[in-house]
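Single-structure report; data block below.
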Amino acid sequence: MILYHKVRAVERVFRQLEKEVATFQQATNLSCLSGCGKCCRKPDIFATPLEFLPLAYHLFKANEAQAWYDKLKEETDGLCPAFAPFLKPGAGGFCNAYGNRGLICRIFGFSAVLDKLGNPRLATCRTIKEEKPLEVTRATEHIRSGGAVPLTRDYYFQLLAIDEKLAGRHLPIREAIREALEAVLAYYAYRRPRKTI
Ligand code: SF4
Ligand code: SF4
């Protein structure tokens with residue numbers, strides 16, 4: 001599969017996830033706290049390079065890929081490079097790459113993982129658990145009674161089917177984005193990108 005088709009395939013997975021998350025949220029009222037962004041502040045977010053291939057591709061089309069790549073190579077640790085905190089400390093955060101954020105950013109908080117017996121269990125953040133206990137109880141019941149919920153495992157399997165190499169390793173988010181940029185920059189080093197974005 002050529003790189004452009006991989007980007008589109010990942011975007012299709014994201015669109016499907018968006019619908020599943022919306023259905024789950026409608027059924028349970030589970031949602032983020034307004035202006036929170038705490039999960040983006042975590043220094044230990046892990047992701048696969050493939051889930052950031054659309055971001056890398058769109059940065060490349062905007063002539064920003066090399067600058068992002070150089071910066072990520074210079075600074076190996078720190079927060080996600082797309083995270084742009086509010087000026088007021090503690091007020092939350094913004095994502096500078098919201099439309100092209102990764103799978104982990106889309107699924108975190110509103111999905112289920114399988115327990116040892118293979119039963120789906122709600123996987124959400126501490127903030128939601130503490131601030132929205134009623135919605136968490138409703139979501140837990142919804143899942144227990146067989147209601148629809150995005151399964152994290154299924155989405156990572158879908159990414160693996162698109163590109164085993166780029167989706168086969170979970171790396172610190174900065175490394176994952178750097179590898180995605182590396183893949184796009186290497187691919188287009190001797191090729192012209194498509195005109196369509
Ligand atoms: S998932 Fe949790 S920590 Fe992240 S923005 Fe939503 S409420 Fe905040
Ligand atoms: S890409 Fe955006 S949503 Fe994902 S961790 Fe970075 S700042 Fe947060």
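The model shown is predicted, which means the values in this text are computed figures rather than measured ones.
By the rule that hydrophobic residues join a cluster once side-chain heavy atoms approach within less than 4.5 Å of another member, L185 and L59 end up as members of one cluster. The cluster map of Ile, Leu, Val, Met, Phe, Trp and Tyr, joined by side-chain heavy atoms under 4.5 Å apart, puts L171 and L50 in different clusters. Residues F110 and V136 are members of one and the same hydrophobic cluster, defined by side-chain heavy-atom contacts under 4.5 angstrom among Ile, Leu, Val, Met, Phe, Trp and Tyr. Hydrophobic cluster membership is shared by V21 and Y156, with clusters built from Ile, Leu, Val, Met, Phe, Trp and Tyr side chains linked at under 4.5 angstrom.
Proximity of N119 to L114: side-chain heavy atoms (C-beta onward) are nowhere separated by under 4.5 Å. Taking the side chain as every heavy atom from C-beta outward, W68 and P81 approach each other to under 4.5 Å. A 4.5 Å side-chain heavy-atom check between I143 and T28 finds every atom pair outside the cut-off. At a threshold of 4.5 Å between non-hydrogen side-chain atoms, the residues Y187 and I2 count as touching. Two residues are said to be in side-chain contact when any heavy atoms from C-beta on lie closer than 4.5 Å; L122 and F24 meet this criterion. With contacts defined as side-chain heavy-atom distances shorter than 4.5 Å, the pair L166/T48 does not qualify. Side-chain contact between R174 and C80 is absent, with no heavy-atom pair separated by less than 4.5 Å.
Remark: the backbone N or O of R101 is paired with a side-chain donor or acceptor of R106 at under 3.5 angstrom. For T124 (side chain) and G109 (main-chain N/O), a donor-acceptor pair under 3.5 Å exists by modelled atom type. No side-chain donor-acceptor contact under 3.5 Å links R8 to the backbone of Y4. Between the side chain of H142 and the main chain of A148, a donor-acceptor pair closer than 3.5 Å is present. Looking only at distances, no side-chain donor or acceptor of R138 sits under 3.5 Å from a matching main-chain atom of A27. Counting only distance, with no hydrogens or angles, the side chain of E51 and the backbone of L103 share a donor-acceptor pair below 3.5 Å.
Contact record, T127 with K38: OG1-CD, 3.6 Å, taken as the closest heavy-atom pair. A pairwise comparison of heavy atoms in A65 and A56 identifies CB-O, 4.3 Å as the closest pair. T152 approaches S111 most closely through the heavy-atom pair OG1-OG, 3.2 Å. Pairing each heavy atom of P54 with each of F14, the nearest pair is CG-CE1, 4.4 Å. Across all non-hydrogen atoms, the minimal contact from A47 to I104 is CB-CG2, 4.0 Å. Nearest heavy atoms, F52 versus N100: CD2-O, 4.2 Å.
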Test side-chain contact (heavy atoms from CB on, under 4.5 Å) applied to F46 and I173, step by step: CA-CA 5 Å; F46 277 72; I173 194 163; over 6 Å; no
Do Q66 and Y69 pass the side-chain contact (heavy atoms from CB on, under 4.5 Å) test, and can you show the C-alpha distance, the side-chain angles, and the key distance before you say yes or no? CA-CA 5 Å; Q66 191 66 52; Y69 179 73; 3.8 Å; yes
Is there a side-chain contact (heavy atoms from CB on, under 4.5 Å) between C40 and F94? Walk through the geometry before answering. CA-CA 9 Å; C40 302; F94 280 129; over 6 Å; no
Determine whether L53 and K6 satisfy the following criterion, side-chain contact (heavy atoms from CB on, under 4.5 Å), listing intermediate values before the conclusion. CA-CA 8 Å; L53 201 68; K6 285 182 193 174; 3.9 Å; yes
Given D163 and K165, is the salt bridge (charged side-chain N to carboxylate O under 4.0 Å, His left out) satisfied, shown in steps? CA-CA 6 Å; D163 186 319; K165 192 164 162 239; over 6 Å; no
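Rounded to the nearest 0.5 angstrom, Y98 OH and C105 SG are separated by 9.5 Å. Separating the CZ atom in F157 from the CG atom in L151 is a distance of 10.5 Å, to the nearest 0.5 Å. Here the CZ-CG distance, from F60 to L55, works out to 14.0 Å after rounding to the nearest 0.5 Å. Between the CG atom of L79 and the CZ atom of R41 there is a distance of 8.0 Å, given to the nearest 0.5 Å. In this structure, the separation between CZ on F108 and CD1 on I128 is 8.0 Å, given to the nearest 0.5 Å. To the nearest 0.5 angstrom, L30 atom CG is 11.5 Å from L134 atom CG.
Residue E75 qualifies as enclosed at atom CD: its count of foreign heavy atoms under 6.0 Å is above 12.
No donor-acceptor contact under 3.5 angstrom links the side chains of Q158 and D154, judged on distance only. With no hydrogens or angles considered, no side-chain donor-acceptor pair links E20 and T23 at under 3.5 Å. One side chain, K132 or S31, offers a donor N or O that lies under 3.5 Å from an acceptor on the other.
Cation-pi geometry between R153 and Y155 is not met: the NZ or CZ atom fails to fall both under 6.0 Å from the ring centre and inside 45° of the normal.
In this structure, R144 pairs ionically with E141, as a charged nitrogen and a carboxylate oxygen lie closer than 4.0 Å.
Aromatic ring pairs are classed by plane angle as parallel below 30°, tilted from 30° to 60° and perpendicular above 60°; the pair Y57 and Y188 is tilted.
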